[in-house]
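Values reported hereafter were calculated over all heavy atoms of this structure, with side chains retained and with hydrogens, waters and symmetry mates removed. Bear in mind that the values here come from a model prediction, so they are computed numbers and not experimental data.
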Amino acid sequence: FIWEKTDEDRIAAGEALLNPVENTAENLEQGRELYDIFCLSCHGSQGDGEGYLYTTERYPYPPANLVDEVVKELKDGEIYHSITVGYGIMGAHGSMIQPEDRWKIILHIRENLQK
């Protein structure tokens, strides 16, 4: 299925997609490593949107705060969709991050940042 960068598709992905990655120490560590590579520069080490590209004013728009209640309430499939095709001003990362690795990043966000 090809997802489009629309709110309707993001919501549909939230209903259709469940994280198939098991919550293990190894997957959490890999998720953290992948987050550090692909997400940290914008979303920050704590997931609060205070990444160095924003705090140094190299990027003028505030990235999403991944620890905000609104994001905590999103379904995993919605976050997967956002990583894959982008959301708002965030570009698509689907060509850079393998599908299983996207799920590991979500696992890290849920288990380590949003707690």
Side-chain angles (χ1 to χ4, degrees):
F1 187 84
I2 307 254
W3 298 103
E4 300 292 329
K5 188 177 176 180
T6 65
D7 288 339
E8 294 80 15
D9 271 11
R10 180 177 50 79
I11 293 166
E15 295 297 324
L17 304 175
L18 297 175
N19 194 336
V21 173
E22 189 176 346
N23 185 348
T24 65
E26 180 181 0
N27 285 336
L28 280 168
E29 176 58 21
Q30 289 175 355
R32 184 195 61 76
E33 292 171 0
L34 291 158
Y35 178 92
D36 287 355
I37 293 167
F38 294 106
C39 314
L40 183 140
S41 61
C42 288
H43 295 286
S45 62
Q46 304 302 309
D48 57 6
E50 296 292 320
Y52 66 85
L53 288 179
Y54 178 64
T55 59
T56 61
E57 300 181 355
R58 292 183 184 156
Y59 190 75
Y61 303 103
N65 177 345
L66 303 176
V67 296
D68 185 86
E69 288 303 317
V70 172
V71 178
K72 285 182 179 181
E73 292 176 12
L74 294 174
K75 295 181 178 178
D76 286 356
E78 291 179 85
I79 298 173
Y80 182 90
H81 176 273
S82 297
I83 294 170
T84 305
V85 300
Y87 180 76
I89 58 173
M90 177 178 142
H93 288 72
S95 64
M96 295 176 255
I97 307 172
Q98 293 296 314
E100 183 175 330
D101 290 344
R102 292 176 227 161
W103 291 117
K104 290 177 182 177
I105 290 169
I106 294 166
L107 187 65
H108 165 69
I109 292 168
R110 295 288 198 209
E111 296 297 318
N112 294 326
L113 301 181
Q114 292 183 341
K115 294 285 177 170

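- Residues Trp103 and Ile97 fail the side-chain proximity criterion, which asks for heavy atoms closer than 4.5 Å.
- Summarising the geometry, atom CG belonging to Asn19 is positioned 11.0 Å from atom CD1 belonging to Ile105; distances are rounded to the nearest 0.5 Å.
- Between Leu28 and Leu107 the shortest side-chain heavy-atom distance falls below 4.5 Å.
- Across Cys42 and Leu53, no two heavy atoms sit closer than the pair SG-CD1, 4.0 Å.
- Screening residues 31-49 for side-chain hydrogen bond (donor to acceptor under 3.5 Å, both in side chains) gives Glu29-Arg32, Arg32-Asp36 as the qualifying pairs, with residues at least two apart or on separate chains.
- Under a hydrophobic-cluster definition in which Ile, Leu, Val, Met, Phe, Trp and Tyr are linked whenever side-chain heavy atoms come within less than 4.5 Å, directly or via other members, Leu113 and Met90 are assigned to different clusters.
- By the rule that hydrophobic residues join a cluster once side-chain heavy atoms approach within less than 4.5 Å of another member, Val21 and Ile37 end up as members of one cluster.
- The CZ atom of Phe38 sits 8.0 Å away from atom NE2 of His93, with the distance rounded to the nearest 0.5 Å.
- Side-chain atoms of Asp9 come within 3.5 Å of backbone N or O of Glu4 as a donor-acceptor pair.
- Closest of all the heavy-atom pairs between Gly49 and Pro63 is O-CD, 3.4 Å.
- The OG1 atom of Thr84 sits 9.5 Å away from the CH2 atom of Trp3 when rounded to the nearest 0.5 Å.
- A distance-only check finds no donor-acceptor pair linking the side chain of Asn27 to the backbone of Lys104 [under 3.5 Å].
- There is no path of hydrophobic side-chain contacts, each under 4.5 Å, that joins Val85 to Tyr87.
- Considering Leu66, Ile79, Asp101 in turn, Ile79 is the only one that fulfils the side chain to side chain contact (heavy atoms under 4.5 Å, CB included) rule with Ile106.
- Separation of atoms CG (Asn112) and CD (Gln114) is listed at 10.5 Å; rounding is to 0.5 Å.
- Residue pairs meeting the side-chain hydrogen bond (donor to acceptor under 3.5 Å, both in side chains) criterion with at least one partner in residues 70-82, sequence neighbours excluded, are Arg10-Glu78, Glu15-Lys75, Glu69-Lys72, Asp76-Arg110, Tyr80-Arg102.
- The closest side-chain heavy-atom distance from Leu34 to His108 is not below 4.5 Å.
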For residues 54-61, please give each side-chain donor-acceptor pair under 3.5 Å, one per line with the distance, not counting sequence neighbours.
unit_1, atom_1, unit_2, atom_2, d
Thr55, OG1, Gly51, O, 3.3
Thr56, OG1, Tyr52, O, 2.5

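- Tracing side-chain contacts under 4.5 Å through hydrophobic residues (I, L, V, M, F, W, Y), one reaches Ile89 starting from Leu74; they form part of the same cluster.
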